Structure formats: C-alpha cells, structure tokens
Undergrad: 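Supplied in structure tokens, the structure appears directly below.
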Amino acid sequence: GNNLVKTETVSSGGRVQISLEETAVPGTYTVELSGAGLTATSSFELATVKDLLVEFVEGRMVISNIGNVPYVEETIVQAKTEGRVTYQTPLFLNLQPNERRELDLNNELPEGEYVITLPTDNATEVFESVIVSDYRSTGKKLSQGFSKVTGRSIINTQSDRNIFGLLFL
C-alpha cells in the first residue's frame with residue numbers, strides 16, 4: 001500500500017527531513033510538500049530487512065530481531081568444546097521486529113568454553129570463546145554424560161525432555 005509519511009508547507013529553498021522507525025513496515029511511502037502555490041509529491045520504497053543481532057551475556061544467548069519483518073526460522077545452535085564434542089540445541093525463532101529472546105546455555109551445556117555456531121537464512125554466525133556455567137538438571141547431566149561415554153560426537157541437549165522438543169522463542 002501507499003503510506004503518506006509527511007505533508008508539510010515549506011518556504012522556497014526549505015528542506016524537509018523524514019525519519020522512519022527502524023521497524024517501519026516495508027513498502028511504498030509518499031511525501032507531499034507545498035509552498036508558494038506549488039505542490040510536489042515524491043515516493044520512495046522501504047526495503048524488507050530480515051536480520052538478527054546475537055549477543056552473549058553471562059552464558060545466555062540473547063537473540064534480537066533488528067529487522068522490519070517477523071523473523072521465523074528453525075535452526076540448530078551448535079556448541080563445540082576444545083575436546084571436539086559438539087552439542088546441538090534445536091531452536092525455533094518466531095520474533096516480531098524489536099522482539100528479543102534468550103537461550104540460557106547454562107541450562108543446556110556442561111561448564112566450559114565453547115565455539116557457538118548459529119546458522120540462519122542470511123549467514124552462519126560463529127562466536128568464539130563463549131564461557132558457560134553448568135546449571136543443567138541432574139537428568140540432563142546423566143543423559144549427556146552417557147552420550148559421551150558411548151562415543152557419540154554430537155549430543156542433542158534436548159534428549160532428557162522430549163526427542164521431538166524444540167525451544168520456541
């Protein structure tokens with residue numbers, strides 16, 4: 001649709017500045033200016049921006065939708081230790097613009113330093129030296145410990161909850 005952004009009367013040689021919210025809906029926008037008996041109309045397109053900002057705070061992965069459209073995607077967070085063990089956590093993202101969610105890795109992983117990989121539609125983001133404290137339940141510790149003993153190199157962090165379980169953010 002056509003969104004009227006601004007209507008303003010200006011003097012000769014005057015300037016008009018237009019600011020849109022970062023979460024403004026993509027589409028065509030119109031500006032109407034008038035002054036000294038003249039009227040001018042101009043339109044511009046606001047592009048779709050689908051993007052995430054990922055930050056780590058005390059072992060929590062904070063994921064923010066910094067785009068202007070809903071961010072809906074299913075992915076797998078991978079955490080690799082120095083010992084080459086990889087933990088995988090399924091993640092379903094459903095974030096509105098400016099919405100943020102947290103994944104507390106302290107509840108998903110053993111204590112240690114990890115390389116975290118987050119594949120998304122736009123790119124695969126890699127975060128080095130993420131420090132995690134261990135707040136996992138006893139059941140999760142036992143199931144993940146058993147997985148390491150049996151030689152599996154990829155451990156699903158959801159195994160003690162539900163084989164088909166996903167984290168919904």
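Computed from a prediction, not measured in an experiment: that's the story for all the values here. The first residue of the sequence shown is numbered 1, and numbering continues consecutively from there. Below, each value reflects all heavy atoms present in this structure, side chains not excepted, and no hydrogens, waters or symmetry copies.
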Undergrad: Just so I know, are the side chains of Val77 and Ile116 near enough to count as touching, which here means a heavy-atom distance under 4.5 Å?
TA: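 In contact.
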Undergrad: Do you know which two heavy atoms are closest between Ser133 and Asn106, and how far apart they sit?
TA: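 Scanning both residues, the minimum pair turns out to be N-OD1, 2.8 Å.
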Undergrad: Where do Tyr114 and Glu111 come nearest, in terms of heavy atoms and distance?
TA: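 Of all heavy-atom pairs spanning Tyr114 and Glu111, the closest is OH-O, 4.3 Å.
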Undergrad: Other hydrophobic cluster members with Val62, side-chain heavy atoms of Ile/Leu/Val/Met/Phe/Trp/Tyr under 4.5 Å, chained?
TA: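 Val57, all in the cluster of Val62.
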Undergrad: Sequence neighbours left out, what passes side-chain hydrogen bond (donor to acceptor under 3.5 Å, both in side chains) with Glu45? Give chain and number order.
TA: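 For Glu45, the residues satisfying side-chain hydrogen bond (donor to acceptor under 3.5 Å, both in side chains) (neighbours in sequence not counted) are Thr28.
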Undergrad: Under the 4.5 Å side-chain heavy-atom rule for ILVMFWY, direct or indirect, which residues accompany Val126?
TA: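 Answer for Val126: Val115.
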Undergrad: Check whether Val54 and Tyr87 end up in the same hydrophobic cluster, where Ile, Leu, Val, Met, Phe, Trp and Tyr are linked by side-chain heavy atoms less than 4.5 Å apart.
TA: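 Shared cluster, yes.
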Undergrad: Looking at Asn94 and Pro70, would you say the former's side chain and the latter's main chain have a donor-acceptor pair under 3.5 Å?
TA: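 Looks like no, no N/O pair under 3.5 Å.
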Undergrad: Should the ring pair Phe44 and Tyr29 be called parallel, tilted or perpendicular, given that the plane angle runs from 0 to 90° and is split at 30 and 60?
TA: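 Parallel.
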Undergrad: For Ser64 and Arg100, work out which heavy atoms get closest and say how close.
TA: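 Reported closest heavy-atom pair: OG-CB, 3.3 Å.
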Undergrad: So how far is it from Asp104 CG to Arg60 CZ, rounded to the nearest 0.5 Å?
TA: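 The CG atom of Asp104 sits 6.5 Å away from the CZ atom of Arg60.
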Undergrad: If you define the side chain from C-beta out and look only at heavy atoms, does anything of Arg101 sit under 4.5 Å from Leu95?
TA: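 A side-chain contact under 4.5 Å exists here.
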Undergrad: Apply the hydrophobic cluster definition, ILVMFWY joined by side-chain contacts under 4.5 Å directly or through others, and give me every member besides Ile66.
TA: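 Taking Ile, Leu, Val, Met, Phe, Trp and Tyr as members, Ile66 shares its hydrophobic cluster with Leu53.
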Undergrad: Considering residues at least two apart in sequence or located in another chain, which fulfil the side-chain hydrogen bond (donor to acceptor under 3.5 Å, both in side chains) criterion with Ser129?
TA: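 Per chain and number, Ser129 pairs via side-chain hydrogen bond (donor to acceptor under 3.5 Å, both in side chains) with Glu113.
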Undergrad: Which is it for Phe56 and Ile131 under the side chain to side chain contact (heavy atoms under 4.5 Å, CB included) test, yes or no, and what are the steps along the way?
TA: CA-CA 9 Å; Phe56 289 87; Ile131 305 297; over 6 Å; no
Undergrad: How long is the straight-line distance from CD1 of Ile76 back to OG1 of Thr86, given to the nearest 0.5 Å?
TA: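 Output value for this atom pair is 11.5 Å.
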Undergrad: Taking the side chain from Thr75 and the backbone from Thr120, do they hold a donor-acceptor pair closer than 3.5 Å?
TA: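 Here the side-chain-to-backbone pair does not exist.
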Undergrad: For residues Leu91 and Leu118, determine if any side-chain heavy atom of one lies less than 4.5 Å from a side-chain heavy atom of the other.
TA: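 Of all side-chain heavy-atom pairs linking Leu118 with Leu91, at least one is under 4.5 Å.
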Undergrad: Between Phe92 and Val72, is any pair of side-chain heavy atoms under 4.5 Å apart?
TA: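 Yes, their side chains come closer than 4.5 Å.
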Undergrad: Check for a donor-acceptor pair, side chain of Asn65 on one end and backbone N or O of Val69 on the other, with a separation under 3.5 Å.
TA: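 Answer holds: yes.
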Undergrad: Consider only side-chain heavy atoms of I, L, V, M, F, W and Y, link residues closer than 4.5 Å, and tell whether Leu20 and Val25 are in one cluster.
TA: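 As far as the 4.5 Å side-chain criterion goes, Val25 and Leu20 are connected within one cluster.
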Undergrad: To the nearest 0.5 Å, tell me how far Leu109 CG sits from Thr89 OG1.
TA: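 Going from CG on Leu109 over to OG1 on Thr89, the span is 6.0 Å.
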Undergrad: Which pair of non-hydrogen atoms, one from Pro97 and one from Gly67, has the smallest distance, and what is that distance?
TA: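 Minimum heavy-atom contact is CB-O, 3.5 Å.
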Undergrad: Taking all non-hydrogen atoms of both residues, which atom of Ala47 and which atom of Asn68 are closest, and how far apart?
TA: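 Heavy atoms only, the tightest pair is O-ND2, 3.0 Å.
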Undergrad: With side chain to side chain donor-acceptor pair (under 3.5 Å) as the rule and sequence neighbours excluded, what pairs involving residues 48-57 come up?
TA: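 Applying side chain to side chain donor-acceptor pair (under 3.5 Å) to every pair that reaches into residues 48-57, excluding sequence neighbours, yields Lys50-Asp121.
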